[in-house]
Amino acid sequence: MSNRHLGAKLFLLALVCYFLIPVWWLVVASTKNAQGLFSGSGALWFHGFHLLDNLHDLFTFNNGEYLRWLGNSVLYAVTGGIGSTVISVLAGYGFAKYSFRGRNLTFALVLGAVMVPLTALVIPTFVMMSNAGLTDTVWAVILPSLLSPFGVYLMRVYTSAAVPDELLDAARIDGAGELRTFLRVALPLMRPAVITVLLLSVVATWNNYFLPLTMLSDSKLYPLTVGIGLWSQLASSNNGGGQSLWSLIITGSLVSIVPLVVAFLTLQKYWQGGLAVGSLK
Amino acid sequence: MTAIRSSSGRRGAVGWLFILPFLAVFAVFLVAPLLYAGYLSLYTKGLATGTTFAGLDNYTRAFTDPSFLKGLWLVLRFSLVVIPLQMIVALVAALVLDEVTGRLARFSRLMIFLPYAVPAVLGALMWGFLYSPSFGPLEQISSLFNVQAPFLLSQGNIFYGLLNVVTWQWSGYYMVIIYAALKSIDTSIYEAARIDGANARQIALRIKVPMVSSAFVLILVFSLIGTLQFFAEPQILGPIANGSVTPDFTPNIYAFNLAFAYAQFNYASAISFALGFVVFLAVAVFMVATRKRGSIFT
């Protein structure tokens, strides 16, 4: 019995090593200077400590363009994430708790939309945005991010199970209006799913690459993903001047994964249950 | 009676109000681009001729275009390998985590999930560094054993290089979904099975796996949609992969280059539409197939 668990624990340790290696490498590499990075001395172990210098270089390089990209990423993730969560929560509640003509047909459309690959829409959306004069503005990234059919699906499934009709009816009999019933009675019960949908949509917007790459040509509007992608392109196209850029890319990558990792660690109580909702019918 | 009906009718209208914001976004950013892509794809734009109606010409061109077909074949092959691989890693990890309790298990669960919080662009970059002969550890480790490290971004190996990146990125997310489904199983079933003489392996394979099969359906749909639209990882690894990532590597990369390097928006729309159609068809066929059989593993 304990032998079997020993095997299981060793297996888990091996898995943890595999999943942590790139992050470990990133942490180690961002403490090295360019010379330490290329000297070929143990890539997985420390060599001097230059993290603070690297951070200083990162934040001041090219008039602080990294901080600008960081700010843009926060803007896109917060507005796109919160916006699409609010929309999904409202729609999920509407689908779950009201019966109206056309509900099933509309919901079938939502389910069909889950299957549409969203990147297939990027190029036509670009042409539409371009006709409307909206490309190369923050709206070109924020507005398409508001679409989240999966969020609606998740909210509907969760709300049907977690919010009893009797409770809503009791609130209505007490004289609460529809909006008040939703805000005061239903919404608190929907909290784990709300936080899950919020995390999923913030991650989706924060990590998005194809959409902003397509929509934006002004590098001042880039989010981190597109900005760092641009740096890596520059670094590999000129090998001589590229060396210092590589250490910026490495430190920049580390800084840009910190916010989401912290968010997931602090909110784990909520999302670990919430993520399973979609699979429990 | 009439009072009740009119109040439920009013309530139905309130239901529409709740879903209205979603419907607006749905119409503008899903239905409209889809229709517009369909419309664009029926026209061609020539320098001399201007925009002319082309019917299905763009589609006949797409489905006979070696670049599109090659990319499509690559993403299909890639899905066929990466999806089972991710599922196995996620399932085995979830089953082990379901058995083992304690601090190590909690820690492992979080660490395995961690890559999900890393943007695909950065995941690809990090692995690109690790593969790199000039600053990655692969080269150093293999030189200890006096062998040449395989360069995972070379033309012949990039398939495997990408396979590793995607498996690393997504297995943890799928593991959490399966794990949560496992945790929702009533444990008295295991007791009953143990009394009947089932061992841990039999309980895992005969009870746990079938009971979480709806989680598999969800995961399969997600990863199928995700991998067929493959874009960010190969696009990012392109510049450091010395030409292994061609401009027509995947259908999405091809459409992107057609649109923005060659300004062929009509043909690019046809490619997008054709890819969307293939994905939609693949997922729909899969959904119908699994619904009919109830569960995919039994």
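This is a predicted model, so every value here is computed, not measured. Naming convention: chains lettered A, B, ... in sequence-line order (proteins, then strands); numbering from 1 in each chain. The figures that follow rest on heavy atoms only: side chains count, while hydrogens, waters and symmetry mates do not.
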Value rounded to 0.5 Å, distance of CG in Leu13(A) from CG in Leu104(B): 5.0 Å
Most contacts with chain B, counted as non-hydrogen pairs under 4.5 angstrom, among Gly94(A), Gly102(A), Ser88(A): Gly94(A)
Derivation and outcome, side-chain contact (heavy atoms from CB on, under 4.5 Å), residues Leu90(A) and Phe22(B): CA-CA 8 Å; Leu90(A) 289 174; Phe22(B) 172 74; over 6 Å; no
Region of Ala32(B) that comes under 4.5 Å of a non-hydrogen atom in chain A: both
Tyr179(B) versus chain A, the contacting section by heavy-atom distance below 4.5 Å: neither
Side chains of Asn207(A) and Tyr116(B), donor plus acceptor under 3.5 Å: no
Least distance between heavy atoms, Gln229(B) atom then Ala120(A) atom: OE1-N, 4.3 Å
Contact class of Arg172(A) relative to chain B, heavy atoms under 4.5 angstrom: side chain
Distance-minimising heavy-atom pair for Pro117(A) and Val279(B): CG-CB, 3.7 Å
For the student: nearest non-hydrogen atoms of Thr225(A) and Val121(B), plus distance: O-CG1, 3.8 Å
Residues of residues 230-240 of chain B within contact distance of chain A, non-hydrogen under 4.5 Å: Phe231(B), Ala232(B), Gln235(B), Ile236(B), Pro239(B), Ile240(B)
Contacting moiety of Leu125(B), where chain A heavy atoms sit under 4.5 Å: side chain
Chain B contact via Leu146(A) - which portion, at a heavy-atom distance below 4.5 Å: both
Portion of Val23(A) that has a non-hydrogen atom of chain B nearer than 4.5 angstrom: both
Pro119(B) side chain near Tyr209(A) side chain, heavy-atom distance below 4.5 Å: no
Contact leader toward chain A among Leu30(B), Leu114(B), Val100(B), Leu17(B), where contacts are heavy-atom pairs under 4.5 Å: Leu30(B)
Beyond-backbone contact of Trp168(B) with Pro22(A), side-chain heavy atoms, under 4.5 angstrom: yes
Parallel, tilted or perpendicular, as decided by the 30° and 60° cut-offs, for the rings of Trp127(B) and Tyr18(A): tilted
Under 4.5 Å from any heavy atom of chain B - which part of Tyr93(A): side chain
Phe19(A) side chain near Phe113(B) side chain, heavy-atom distance below 4.5 Å: no
Part of Ala93(B) within contact of chain A (heavy atom distance under 4.5 Å): both
Non-hydrogen atoms of Phe26(B) and Leu109(A) that approach each other most closely: CZ-O, 4.0 Å
Side-chain heavy atoms of Phe107(B) within contact of Leu12(A), under 4.5 Å: no
Ile112(B) portion near chain A, given a 4.5 angstrom heavy-atom threshold: both
Region of Pro21(B) in contact with chain A, defined by heavy-atom distances below 4.5 Å: both
Between CZ on residue Phe129(B) and OG on residue Ser253(A), distance to nearest 0.5 Å: 6.5 Å
Top of Val152(A), Leu143(A), Ile257(A) for chain B proximity - count of heavy-atom pairs under 4.5 angstrom: Leu143(A)
Heavy-atom contact with chain B under 4.5 Å, split by part of Leu224(A): neither
Interface residue of largest heavy-atom contact number with chain B, from Val86(A), Asn208(A), Leu199(A), Leu213(A), under 4.5 Å: Leu213(A)
Interface moiety of Asn266(B) toward chain A, non-hydrogen atoms closer than 4.5 Å: neither
Contact summary for Ala117(B) and Leu260(A), nearest pair of heavy atoms: O-CD1, 3.5 Å
Region of Val118(B) in contact with chain A, defined by heavy-atom distances below 4.5 Å: both
Minimum heavy-atom distance Ser256(A)-Leu122(B), with the two atoms named: OG-CD1, 3.1 Å
Nearest-0.5 Å distance that lies between atom OH in Tyr153(A) and atom CG in Leu218(B): 6.5 Å
Heavy-atom side-chain contact between Leu15(A) and Ser108(B) under 4.5 Å: no
Donor-acceptor contact below 3.5 Å, side chain Trp25(A) vs main chain Met126(B): no
Side chain proximity check, Phe277(B) to Val116(A), heavy atoms < 4.5 angstrom: no
Contacting region of Ser171(B) [heavy-atom separation from chain A under 4.5 Å]: side chain
Non-neighbouring partners of Ile19(B) that pass side-chain contact (heavy atoms from CB on, under 4.5 Å), sequence neighbours left out: Ala91(A), Phe95(A), Phe100(A), Thr106(A), Trp16(B), Leu23(B)
Val89(B) portion near chain A, given a 4.5 angstrom heavy-atom threshold: side chain
Heavy-atom neighbours of Lys183(B) NZ exceed 12 at 6.0 Å: yes
Test side-chain contact (heavy atoms from CB on, under 4.5 Å) applied to Leu265(A) - qualifying residues, sequence neighbours left out: Val261(A), Leu110(B)
Quiz: residues 123-130 of chain A side-chain donor-acceptor pairs under 3.5 angstrom, not counting sequence neighbours:
unit_1    : atom_1 : unit_2    : atom_2 : d
Thr125(A) : OG1    : Leu121(A) : O      : 2.5

Side chain proximity check, Asn131(A) to Tyr36(B), heavy atoms < 4.5 angstrom: yes
Best-contacting candidate, Leu34(B), Leu275(B), Leu20(B), against chain A by heavy atom pairs under 4.5 angstrom: Leu34(B)
